[in-house]
Amino acid sequence: MTEPPTQHSHRPPHPPSPPFSGTGGTHGHTTVPLDSTAQLLTRVTAQLSTQLSLVSRNGTRRPMDRTRPPAAAGGPPSPYAPGDAPPTLLVVAHGSRDPRALRTVLALLDRVRDLRPGLDVRLGHIELNRPLLPDTLDGLRGADAVLVPLLLGRGHHVKHDLPAAAAAAPFVRTRIAAPLGPHPLLVEALYGRLVEAGWDAADDQGDRRTAVVLAAAGSRDPDSAQDTRRTARMLEERLGGVPVVPAYASAATPTVPAALRRLAARGRHRTFVASYFTAPGRFASAAAGAAPRTAALPLGAHPAMARLLLHRYDQAVSATGPAQAVRLLASA
């Protein structure tokens with residue numbers, strides 16, 4: 001691409017700078033103040049750095065990357081040069097025998113592609129569905145990839161399965177992003193699904209009979225339960241103080257039916273079930289079956305979910321090294 005000619009503006013000459021009043025002045029000649037010289041050198045250095053970043057090692061000019069989003073104000077700098085292709089966003093889903101799950105995940109990935117045109121977005125499953133994660137990694141040999149778990153908390157899959165899959169694929173330069181939850185965007189998706197299921201803030205917020213059960217898959221990992229409880233508190237705030245009780249489909253207590261019974265014993269007979277699942281499946285169906293009225297749909301392809309996947313991706317890309325990436329995962 002030919003560079004456009006530089007437009008020179010006709011400016012009046014700068015007035016002469018006053019002579020330097022310290023030692024070492026010249027004999028009658030104008031001397032530029034030292035602070036002005038330092039500022040000039042700083043500007044020249046910055047301009048040279050910008051120009052050099054646009055030149056590849058063989059001396060040719062790199063094409064402008066129009067797929068990369070602008071850096072967030074005040075955020076950490078990206079480790080990738082402006083001319084480099086961004087790493088692949090590899091969404092890691094759990095997998096399900098329910099055929100609706102794969103369709104839902106594919107719809108979510110389409111939303112992500114719409115939000116970030118040109119970004120390479122791929123899918124890998126931990127089990128039950130194709131493509132499996134090792135197969136997707138095998139197709140990325142020699143590339144950079146960020147593994148973004150389509151998982152809601154810090155459980156076994158996030159802590160063990162994803163690092164193991166990355167270690168088994170040394171031919172791909174990988175980073176592992178934090179799980180999706182807890183995060184305000186998840187809360188927005190949960191709220192949106194509750195509204196679709198009949199939640200009306202005007203009627204339900206001040207009703208002392210109203211409560212919400214946050215139905216999650218469950219895990220034996222205490223960090224996962226902590227993440228779910230934190231999401232429940234955030235959703236409770238979003239609902240204006242209406243009680244939100246976490247409950248689980250497996251591996252943890254209380255179960256969804258038990259939580260509903262406890263709420264009824266406290267006079268909370270108008271209860272909603274918020275589905276804290278990324279896609280339809282066995283656990284989501286079981287939770288919905290226990291609901292006294294229509295349960296909210298799983299998070300699925302809600303627009304906030306697509307934004308959250310990109311947010312976790314951008315966080316991992318901006319991490320300056322493995323240690324920071326580990327801290328990001330642990331503190332999410």
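Along the sequence shown, residues carry numbers from 1. In this text the structure is predicted, and so the values were computed from the model without any measurement.
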Practice problem: Mark yes or no for whether Asn129, through its side chain, and Ser96, through its backbone, hold a donor-acceptor pair below 3.5 Å. | Solution: yes
Quiz item: Could you give the distance from CG (Leu152) to CG (Leu299), rounded to the nearest 0.5 Å?
Solution: 6.0 Å
Exercise. Evaluate the criterion side chain to side chain contact (heavy atoms under 4.5 Å, CB included) for residue pair Val256 and Tyr248; output intermediate values, then yes/no.
Key: CA-CA 6 Å; Val256 174; Tyr248 306 95; over 6 Å; no
Quiz item: Just wondering, do Leu89 and Val148 contact through their side chains at under 4.5 Å, heavy atoms?
Solution: yes
Quiz item: Checking side chain to side chain donor-acceptor pair (under 3.5 Å) for the pair Gln315/Arg312: CA distance, chi angles, key distance, verdict?
Solution: CA-CA 5 Å; Gln315 278 186 315; Arg312 291 304 194 201; 2.9 Å; yes
Quiz prompt | Student check: side-chain heavy atoms of Pro298 and Thr278 closer than 4.5 Å | solution = no
Quiz item: Under 4.5 Å between side-chain heavy atoms, hopping through other hydrophobics if needed: is there a path connecting Leu190 to Val273?
Solution: no
Quiz item: Rounded to the nearest 0.5 Å, how far does CZ of Arg268 lie from CZ of Arg208?
Solution: 6.0 Å
Exercise. Determine yes or no for a side-chain-to-main-chain donor-acceptor pair under 3.5 angstrom, with Ser275 supplying the side chain and Ala296 the backbone.
Key: yes
Quiz prompt | CZ-CD distance between Arg97 and Glu127, expressed to the nearest 0.5 angstrom | solution = 7.5 Å
Quiz prompt | Polar side-chain atom of Glu236 near backbone of Val244 as donor-acceptor pair, under 3.5 Å | solution = yes
Quiz item: Which atoms form the tightest heavy-atom contact between Pro163 and Val158, and what is the distance?
Solution: CD-O, 3.3 Å
Quiz item: Nearest heavy-atom pair of Ala217 and Phe277: which atoms, and what distance?
Solution: N-CE2, 3.4 Å
Quiz item: Do Leu263 and Val213 come within less than 4.5 Å of each other through their side chains, counting heavy atoms only?
Solution: yes
Quiz item: So, the side chain of Thr136 versus the backbone of Leu123: is there a donor-acceptor pair under 3.5 Å, distance only?
Solution: yes
Quiz item: Do the side chain of Arg238 and the main chain of Val187 share a donor and acceptor less than 3.5 angstrom apart?
Solution: no
Practice problem: Report the distance from atom CG of Asp200 to atom CG of Leu194, rounding to the nearest 0.5 Å. | Solution: 12.0 Å
Quiz item: Which value, rounded to the nearest 0.5 Å, describes the distance between Ile126 atom CD1 and Leu132 atom CG?
Solution: 10.5 Å
Practice problem: Of all the heavy-atom pairs spanning Ala295 and Ala291, show the shortest one and how long it is. | Solution: CB-CB, 3.9 Å
Practice problem: State, with a plain yes or no, whether a side-chain heavy atom of Phe171 is found less than 4.5 Å away from one of Leu140. | Solution: no
Quiz item: More than 12 foreign heavy atoms under 6.0 Å from CZ of Arg113: is that the case here?
Solution: yes
Practice problem: To the nearest 0.5 Å, tell me how far Leu235 CG sits from Thr228 OG1. | Solution: 12.0 Å
Quiz item: For the hydrophobic clusters of this structure (ILVMFWY residues joined by side-chain heavy atoms under 4.5 Å, transitively), does one cluster hold both Leu310 and Val105?
Solution: yes
Exercise. Could you tell me whether a side-chain N or O of Arg293 sits under 3.5 Å from a main-chain N or O of Phe272, the two making a donor and an acceptor?
Key: no
Quiz item: So if you build clusters from Ile, Leu, Val, Met, Phe, Trp, Tyr with side-chain heavy-atom gaps below 4.5 Å, do Leu106 and Val121 land together?
Solution: yes
Quiz prompt | In one Ile/Leu/Val/Met/Phe/Trp/Tyr side-chain cluster, 4.5 Å: Leu297, Leu108 | solution = no
Quiz item: Parallel, tilted or perpendicular: which describes the rings of His157 and His94, with under 30° parallel and over 60° perpendicular?
Solution: perpendicular
Quiz item: Between Glu196 and Arg193, is there a side-chain N and carboxylate O pair less than 4.0 Å apart?
Solution: yes
Quiz item: Just by distance, do the side chain of Arg220 and the backbone of Ala251 share a donor-acceptor pair under 3.5 Å?
Solution: no
Quiz item: Given the rule in the side chain to side chain contact (heavy atoms under 4.5 Å, CB included) test, do Arg262 and Val245 qualify, once you have shown the distances and angles that lead to the verdict?
Solution: CA-CA 10 Å; Arg262 291 179 188 178; Val245 177; over 6 Å; no
Self-check item: Thr210 versus Pro243, closest heavy-atom pair with distance
Solution: O-CD, 3.8 Å
Exercise. Spell out, yes or no, whether Leu151 and Leu128 are grouped together once hydrophobic residues are joined by side-chain heavy atoms under 4.5 Å, including indirect joins.
Key: no
Exercise. Begin from the C-alpha positions of Leu90 and Val146 and carry the test side chain to side chain contact (heavy atoms under 4.5 Å, CB included) through to its verdict.
Key: CA-CA 6 Å; Leu90 174 48; Val146 175; over 6 Å; no
Practice problem: Identify which one of His156, Lys159, Arg154 satisfies the side-chain hydrogen bond (donor to acceptor under 3.5 Å, both in side chains) criterion when paired with Asp221. | Solution: Lys159
Quiz item: Between His125 and Ala93, is there a donor-acceptor pair closer than 3.5 Å when you use the side chain of the first and the backbone of the second?
Solution: no
Quiz item: Would the number of heavy atoms belonging to other residues, nucleotides or ligands and lying under 6.0 Å from CZ of Arg122 be above 12?
Solution: yes
Self-check item: Heavy-atom closest contact (His269 atom, Ala264 atom, distance)
Solution: CE1-O, 3.4 Å
Quiz item: Is there side-chain contact between Arg282 and Ser250, with heavy atoms separated by less than 4.5 Å?
Solution: no
Exercise. Please assess Thr231 against Tyr276 for the test side chain to side chain donor-acceptor pair (under 3.5 Å), listing each intermediate value before the final yes or no.
Key: CA-CA 9 Å; Thr231 298; Tyr276 198 40; 3.0 Å; yes
Quiz item: Does Arg307 come within less than 4.0 Å of Asp314, counting only side-chain N to carboxylate O?
Solution: no
Quiz item: If you take all heavy atoms of Val172 and Ala145, which pair is closest and at what distance?
Solution: CG1-CB, 4.0 Å
Self-check item: Min side-chain heavy-atom separation Leu260-Pro292 under 4.5 Å
Solution: yes
Quiz prompt | Salt-bridge criterion met for Asp144 and Arg175 (N-O under 4.0 Å) | solution = no
Self-check item: CA sep, side-chain torsions, deciding dist, call: Leu150, Met305, side chain to side chain contact (heavy atoms under 4.5 Å, CB included)
Solution: CA-CA 9 Å; Leu150 190 61; Met305 291 288 287; 4.3 Å; yes
Exercise. Output yes when a side-chain donor or acceptor of Tyr313 lies under 3.5 Å from a complementary backbone atom of Val91, and no otherwise.
Key: no
